[in-house]
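What follows is one structure encoded as structure tokens, with my remarks underneath.
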Amino acid sequence: MTAMFSTPKSKTLSSRERVQLALSRQEADRIPRAESFWPETIPLWHTQGLPVGVDVARLFDFDILGGGWVHHEARPGYREILDETEEWQTRRDGNGAILRFWRNKSGTPEHVGFTVRTADDWTRLKHDLLTTPVQCRIDLYSVLAAMHRARSERRFFCWTGVECFEIAKDVIGHETLCIAMAEDPEWVADLFDTETDVALDALDYMEASGVRFDGGWIYGDIAYNHGPFCSPAMYRELVMPAHMRLVSWFKDRGLPVIYHTDGDFRPLIPSFLEVGIDCFQPLEAKANIDVRELKPKWGSKVALMGNIDIMRLITNDPRAIEEEVAAKVPLAKRGGGYLYHSDHSVPPGVTWESYQHLMRLIDEYGRYE
Amino acid sequence: MNGRERILALLQGGDPDRFPCMPITMQLAADLAGRRYLEYETDYRALVAGQVRVAEEFGLDYVNTMSDPACEAADCGAAVVFHPDLPAAMDESNPLLSDRSDLARLKAPDPARPGSRMHNRLRALEELKRQVGGSLLVEGWIEGPCAEAADLRSLSVLMLDFYDEPDFVHDLFEFVLAMELEFARHQVAAGAEMIGIGDAAASLAGPRIYQEFIWPYEKRMVEGVQALGARARLHICGDTRRLVEGMGRLGCDVVDLDFLCPLDAARAAMGPGQVLLGNIDPVRVLRDGTPTDVHAALAACHRAAGPRWIVGAGCEVPRDTPPENLRALVEYARAHAPREAAKD
């Protein structure tokens, strides 16, 4: 099966160029597209008509390919099984976090407990973190292979990795982290700085090994459905310095940065722009984020990616799906600066037929004349 | 001894015939009385019917008027979402004080205004006092400073205010304190001998924020309630392990602990004199366990808490708790007295 959709200028405009234009808020031939899927989704689609062996990303002409994930565990690969049933498994990971996972389906693990609860605990973990060689944190073959594939397919190749808040959450949990941000900011600042150092070391190592990214796609869920996990003032004091360092790695090389955060991050937008972020993703509709509100307000300063509501897609109602696309994409794409993505990731409840319908709509509504 | 005498004897340092039993029942009480929960929380007659019924059916030592956290906020004009069969909740997306400057214009509601939710609670207390006040302790309820401030400002925004707008938080807590003590004054006049203070949101704060912002207002609230001649019971939902030392210095007559805080930790932090209430896991043990499980969990609480203890669950008794499990809880209280050491 070859590419399902062709675009008027696709022969002359590469995916890489299309994404670069969108991130610099210029119109191209069509809006770029990218997607994330739950692990169960594509295997289920194989039972619904998607031929096995067909690459969905190529089929739908997705424009971005990521690579270079940095493993931040203090003890990479550590995986101690503490308890298990037929349904779930509880295990301690390389950061000492005790998490409970479903065994037969994917999902966010339950935070059972964290070994690191105090600044002293962190000091002990930090020793292990800093004595692990950077080579252990990167699969260099995979990132080089991804880069070469992206180049051969003329796709935008970006680093996909996590920032300090996301990592700190994995080390000490949301509860301890949020309280420590208010009550022990020196500890948190050290945690953020150290984990940012780990990421920067890894980026330097990849670059020294020949990896060349077109941009960064930084993951950091710093908000939930009612707002950010910290106030704008606290963000500026505690998080922004670390974000600035990480984003600057890309800015120093003239590369754009996409920032992924779930939740309602709107109070942090002015600070994010100061940091130098070029694009917000995935614009979670469930958290009251609406690209139609963001575009007029911030569209001249930042690109926007996502916001196609999974809750509408999962109805599998063709009319509801078209209403969602028609209501958002034409406005969002105007003047450039919009990239397609769902508002989080596609769960198996969205049928293969519905997703093909969605992609046809994105192709139709996402073209520029 | 009747239930009222038993509770008061323990609180006064006396020697009750057995441990008092004071589990929180709300939805279970409404169901038992055959009332929709919306009716239970908005019509005092339904609440009274439910409380009397649950106390009689299971042999509890008290009745109370708590129903949902939105009573005072609703009377302030806040947007509240009512459900037919669940407790009312704040509309977090539409807080009354979304603009901080609105606090200066906010007037505390008059608890005696007919038709108000607070007035409905007062009618409930009067009726409970009339029906069972001679034999059961009648408890009223107010929201604590952090919980009520969260109801008015929204929980998420209040948590950010602690850091960004500390002066505003103090102003807001002063407003809440005055409003709640006025509500408590009316409740005591209506027949309440104990006032419960529910400060659920406080468990979301760390010890420094708790000590700096919340504790001083809880302290004044406890002292204010006691100055009215009532006993003060503090209940903070959630994990209070970080806060128990401070909670023990509030001077509460009863500290009612959620199950996430082990009683031995609370006892160690608060000393031997503090009356503790609770705190078996309401879901995993009381609802989902067996009578044997309930007995064992209470025995562990008993050993940890010692004689200054009241039998109860960590939080509200779930509505679908098997009756035999709630009876097992009451039976534990009936079979043990403070003067006896925990044996099993």
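Quick note on labels: first sequence line is chain A, next is B, and so on, each numbered from 1. This one's a predicted model, so the numbers in the text were calculated from it and none came from an experiment.
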Open item on the list: Can you tell me if A:His127 has over 12 outside heavy atoms packed within less than 6.0 Å of its NE2?
Closed with: no

- [ ] Count the heavy atoms belonging to other residues, nucleotides or ligands that lie under 6.0 Å from NZ of A:Lys301, then report whether that count exceeds 12.
- [x] no

TODO: Taking side-chain contact (heavy atoms from CB on, under 4.5 Å) as the test, write out the residues that go with B:Asp167, two or more places apart.
DONE: none

Task: Those residues of residues 146-166 of chain B, ordered by number, that approach chain A below 4.5 Å (heavy atom to heavy atom) - done: B:Ser156, B:Leu160, B:Tyr163, B:Asp164

- [ ] Name the option with the most non-hydrogen atom pairs under 4.5 Å to chain B; the candidates are A:Pro228, A:Pro267, A:Cys230, A:Pro232.
- [x] A:Cys230

Open item on the list: Among residues at least two apart in sequence or on other chains, which ones pass side chain to side chain donor-acceptor pair (under 3.5 Å) with B:Trp141?
Closed with: none

Open item on the list: Tell me which of these, B:Ile209, B:Asp239, B:Leu204, has more heavy-atom pairs under 4.5 Å with chain A than the rest.
Closed with: B:Ile209

TODO: Please say whether more than 12 non-hydrogen atoms of neighbouring residues, nucleotides or ligands are located less than 6.0 Å from CZ in B:Arg241.
DONE: no

Open item on the list: Other residues, nucleotides and ligands only: do more than 12 of their heavy atoms fall within 6.0 Å of CZ on A:Arg91?
Closed with: yes

Task: Per-residue contacts, residues 170-180 of chain A versus chain B, heavy atoms under 4.5 Å - done: A:Glu175, A:Thr176, A:Ile179

TODO: Please report the closest heavy-atom contact between B:Arg208 and A:Ala182, naming both atoms and the distance.
DONE: NH2-O, 2.8 Å

